[in-house]
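Shown below is the structure under consideration.
Residues: numbered from 1 along the sequence shown. It should be emphasised that the depicted structure is a prediction, and the values quoted were computed from it without experimental measurement.
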Amino acid sequence: MNRIYSEQIERALALAEGLKKNSAALQAKGFDLSLIEKLEQDCELMAREGEAIAAEEEALAKHRAACHVILSRLKTNFFNGKGYIKQNYLQDQWADYGVPDKR
């Protein structure tokens, strides 16, 4: 999970725990104790969402690695095809084979 998310969850849970310990004093001063439950629920939701993000990032990293391998092959094959055309045909004919003349 993202470090920022983790830190915020830890701080919110610490606050919730502190509020629970002193709930009687807080309630006497008119504090809405439902905030404690809201904090804990949001921490649970944030943890689940953070795990989902981490899983998707891991899957994305695998796809990105596969794309780099394919891109490397593509560049090599492109270079080989372009080189063949340039070596075996006149420059005026390159465009017919998909090799633009950069003059």
Within this structure, what is the CD1-CD1 distance for the pair Ile4 and Ile9, rounded to the nearest 0.5 Å?
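Spacing of CD1 (Ile4) from CD1 (Ile9) equals 12.0 Å.
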Rounded at 0.5 Å granularity, tell me how far CG in Leu13 sits from CD in Gln8.
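Between atom CG of Leu13 and atom CD of Gln8 there are 10.0 Å.
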Please say which of Leu71, Ile70, Thr76 ends up in a side chain to side chain contact (heavy atoms under 4.5 Å, CB included) with Arg73.
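For Arg73, the side chain to side chain contact (heavy atoms under 4.5 Å, CB included) check succeeds only for Ile70.
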Between Phe78 and Ile85, is there a shared hydrophobic cluster once you connect ILVMFWY residues whose side-chain heavy atoms come closer than 4.5 Å?
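The answer is no; the residues belong to distinct hydrophobic clusters.
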Rounded to the nearest 0.5 Å, how far does CG of Asn88 lie from OH of Tyr97?
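Reported to 0.5 Å precision, the distance equals 9.5 Å.
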Any chance you could measure Ser6, atom OG, to Met46, atom CE, to the nearest 0.5 Å?
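Separation between the atoms: 9.0 Å.
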Other residues, nucleotides, ligands: >12 heavy atoms within 6.0 Å of Phe31 CZ:
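For Phe31, atom CZ is crowded (more than 12 foreign heavy atoms under 6.0 Å).
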Side-chain heavy atoms of Ile53 within contact of Asn2, under 4.5 Å
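No, side chains not in contact.
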List the steps, then state whether side chain to side chain contact (heavy atoms under 4.5 Å, CB included) holds for Asp96 with Tyr89.
CA-CA 10 Å; Asp96 295 339; Tyr89 294 94; over 6 Å; no
Quiz: residues 16-29 side-chain donor-acceptor pairs under 3.5 angstrom, not counting sequence neighbours:
unit_1 : atom_1 : unit_2 : atom_2 : d
Lys20  : NZ     : Glu40  : OE2    : 2.6
Asn22  : ND2    : Gly18  : O      : 3.0
Ser23  : OG     : Lys20  : O      : 3.3

Look at the side chain of Gln41 and the backbone N and O of Lys38, then say whether any donor-acceptor pair between them is shorter than 3.5 Å.
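No; zero donor-acceptor contacts below 3.5 Å.
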Should side-chain heavy atoms under 4.5 Å link Ile, Leu, Val, Met, Phe, Trp and Tyr, which residues sit in the same cluster as Leu60?
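None; Leu60 is a cluster of one.
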Would you mind reporting whether Asn77 and Phe79 have side-chain heavy atoms less than 4.5 Å apart?
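No - every pair of side-chain heavy atoms lies 4.5 Å or more apart.
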Please say whether more than 12 non-hydrogen atoms of neighbouring residues, nucleotides or ligands are located less than 6.0 Å from CD in Glu37.
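Open: at most 12 neighbouring heavy atoms sit under 6.0 Å from CD of Glu37.
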What pairs meet the side-chain hydrogen bond (donor to acceptor under 3.5 Å, both in side chains) rule with one or both residues in residues 44-68, with sequence neighbours excluded?
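Pairs touching residues 44-68 that pass the test: none.
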